[in-house]
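We use all heavy atoms of the structure for the numbers below, so side chains are in, but hydrogens, waters and symmetry mates are not. Each chain gets a letter, A, B and so on, in the order its sequence line appears, and its residues count up from 1. Bear in mind the structure is a predicted one, so any value in this text is a computation, not a measurement.
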Amino acid sequence: MTLVANRKDPATKYRIRRLRRAELPVDTVELARFLIGKVVVREFPGGRVSGRIVEAEAYPPGDPAGHHYRGPTPRIRSMYLAPGHSYVYFNYGAHFMLNVSGEVAGRAGGILIRAVEPLEGIALMKKHRECTELLDLTRGPGRLAAAFRIDRSHDGIDLCKAGVLWLGEIVGTARGSGKEASGVAIGESVRIGISRAADHVLRFYEPGNPYVSGPKRLNAKP
DNA sequence: TTGGCGATTGGCT
DNA sequence: GCCAATCGCCAAT
């Protein structure tokens with residue numbers, strides 16, 4: 001199932017290797033699936049916060065629900081970067097959203113990281129969120145950004161490079177990778193909270209994982 | 001220059 | 001389950 005069992009062993013360390021750009025699918029929808037099971041790592045001077053991606057949504061080129069639908073604007077410039085760059089925006093006057101660019105440079109596509117399963121730095125996440133409920137720390141895009149203290153300054157970062165924010169894969173456990181390596185199916189559904197293209201099945205999640213957000217009807221288990 | 005609106009959350013019924 | 005809060009973006013004036 002999940003890696004939640006590791007809570008029983010606080011000393012558990014994860015070995016995480018950074019993803020290389022060359023291994024990322026150059027396609028927003030494929031990359032969204034690929035990222036399920038991968039890890040978001042946030043480095044602080046005092047420690048590290050990391051979490052395993054359990055839910056993501058694709059906003060591919062031509063998608064009426066995508067910010068890039070009406071052509072390029074200053075805000076969305078990072079979605080035009082090569083796959084594996086961050087696109088961070090501020091929404092509803094209150095929350096930052098972390099996205100990963102998914103198309104070849106010059107073409108816009110984004111993947112919204114909607115939820116992660118906390119791995120390292122849980123105490124730090126609780127502090128950032130001012131919340132002690134483990135299940136509420138990173139379940140939802142706004143919460144995840146707050147727990148990782150991701151803001152506008154993290155827009156346009158190369159996530160395949162060492163730095164304050166990067167993408168990785170757990171080394172040494174089958175649960176570290178996505179569908180192909182683990183053999184576990186990835187759930188699919190329509191996306192959450194949008195009005196246009198509301199019937200497109202572009203949301204991907206790990207069935208049964210308690211850190212997946214959204215209503216039950218969208219989170220069918222295997 | 002302005003107003004409508006949003007890839008959400010948390011609090012209250 | 002419903003709904004207000006809140007503010008940056010951008011299309012239209």
Next item on the list: Hey, could you give me the OG/OH distance between A:Ser101 and A:Tyr80, rounded to the nearest 0.5 Å?
Entry: 12.0 Å
Note to self: Near DNA chain B, counting only heavy atoms under 4.0 Å, which residues of residues 58-67 of chain A show up?
What the structure shows: A:Tyr59, A:Ala65, A:His67
Notebook entry, point to check: At under 4.0 Å between heavy atoms, what does A:Arg129 touch on the DNA or RNA strands: base, sugar-phosphate, or nothing?
Noted result: sugar-phosphate
Note to self: Before you tell me yes or no, could you show the steps for A:Thr138 and A:Glu117 under side chain to side chain donor-acceptor pair (under 3.5 Å), namely the whole-Å CA-CA distance, both residues' side-chain angles and the distance that decides it to 0.1 Å?
What the structure shows: CA-CA 7 Å; A:Thr138 56; A:Glu117 173 182 342; over 6 Å; no
Next item on the list: Using the six-membered ring of A:Phe96, assess whether NZ or CZ of A:Arg152 lies under 6.0 Å from its centre and within 45 degrees of the ring axis.
Entry: no
Note to self: When you measure from the side chain of A:Arg114 to the backbone of A:Pro141, do you find a donor-acceptor pair of N or O atoms at a distance under 3.5 Å?
What the structure shows: no
Check: For DNA chain B, what residues of residues 70-94 of chain A have any heavy atom nearer than 4.0 Å?
Finding: A:Tyr89, A:Asn91, A:Tyr92, A:Gly93
Notebook entry, point to check: Using the C1' atom in both, what is the distance from B:dC5 to C:dC3, to the nearest Å?
Noted result: 16 Å
Note to self: Just the rounded figure in Å: distance from P of B:dC5 to OH of A:Tyr69.
What the structure shows: 18 Å
Next item on the list: Look at the side chain of A:Arg196 and the backbone N and O of A:Pro64, then say whether any donor-acceptor pair between them is shorter than 3.5 Å.
Entry: yes
Check: Under the 3.5 angstrom rule, does the side chain of A:Lys126 hit a backbone N or O of A:Ile122 as a donor-acceptor pair?
Finding: no
Note to self: Given 3.5 Å as the limit, does a donor-acceptor pair link the side chain of A:Tyr205 with the main chain of A:Leu218, or not?
What the structure shows: yes
Notebook entry, point to check: Taking A:His128 for the side chain and A:Ala147 for the main chain, is one N or O donor matched with an acceptor at less than 3.5 Å?
Noted result: yes
Next item on the list: Take the protein atom CD of A:Glu57 and the nucleotide atom C1' of B:dT8, then report the distance between them rounded to whole Å.
Entry: 12 Å
Check: Between the main-chain N or O of A:Phe44 and the side-chain N or O of A:Arg149, is there a donor-acceptor pair closer than 3.5 Å?
Finding: no
Notebook entry, point to check: Taking DNA chain B as the partner, which of residues 96-114 of chain A come within under 4.0 angstrom of it by heavy atom?
Noted result: A:Met97, A:Asn99, A:Leu112, A:Arg114
Next item on the list: Show the numbers, then the answer: is there a side-chain contact (heavy atoms from CB on, under 4.5 Å) between A:Glu169 and A:Leu19?
Entry: CA-CA 7 Å; A:Glu169 178 174 70; A:Leu19 296 181; 3.9 Å; yes
Next item on the list: Would you kindly say whether A:Asn219 and A:Arg203 are connected by a side-chain donor-acceptor distance under 3.5 Å?
Entry: yes
Note to self: Just checking A:His67 against A:Tyr89, ring centres under 6.0 Å apart?
What the structure shows: yes
Check: In whole angstroms, how far is the C1' atom of B:dC5 from the CZ atom of A:Arg196?
Finding: 10 Å
Note to self: Against A:Leu159, only a single residue in A:Leu165, A:Val41, A:Val40, A:Leu24 fulfils side-chain contact (heavy atoms from CB on, under 4.5 Å); can you say which?
What the structure shows: A:Leu165
Checklist line | Residue-level proximity of residues 142-155 of chain A to DNA chain B when a heavy atom falls under 4.0 Å | finding: A:Gly142, A:Arg143
Next item on the list: Enumerate the residue pairs fulfilling salt bridge (Lys or Arg N to Asp or Glu O under 4.0 Å) with a member in residues 210-222 of chain A, sequence neighbours excluded, ordered by first and then second residue.
Entry: none
Check: Given atom NE2 of A:His95 and atom C1' of C:dG8, what is their separation to the nearest angstrom?
Finding: 14 Å
Notebook entry, point to check: Which stems does DNA chain B form, counting runs of 3 or more consecutive Watson-Crick or G-U wobble pairs with both distances under 3.5 Å?
Noted result: B:1-6 with C:7-12, B:8-12 with C:1-5
Check: Once you round to the nearest 0.5 Å, how far does CD1 of A:Ile111 lie from CG of A:Asn99?
Finding: 8.5 Å
Next item on the list: Begin from the C-alpha positions of A:Arg48 and A:Glu43 and carry the test salt bridge (charged side-chain N to carboxylate O under 4.0 Å, His left out) through to its verdict.
Entry: CA-CA 5 Å; A:Arg48 167 187 287 185; A:Glu43 309 279 10; 3.0 Å; yes
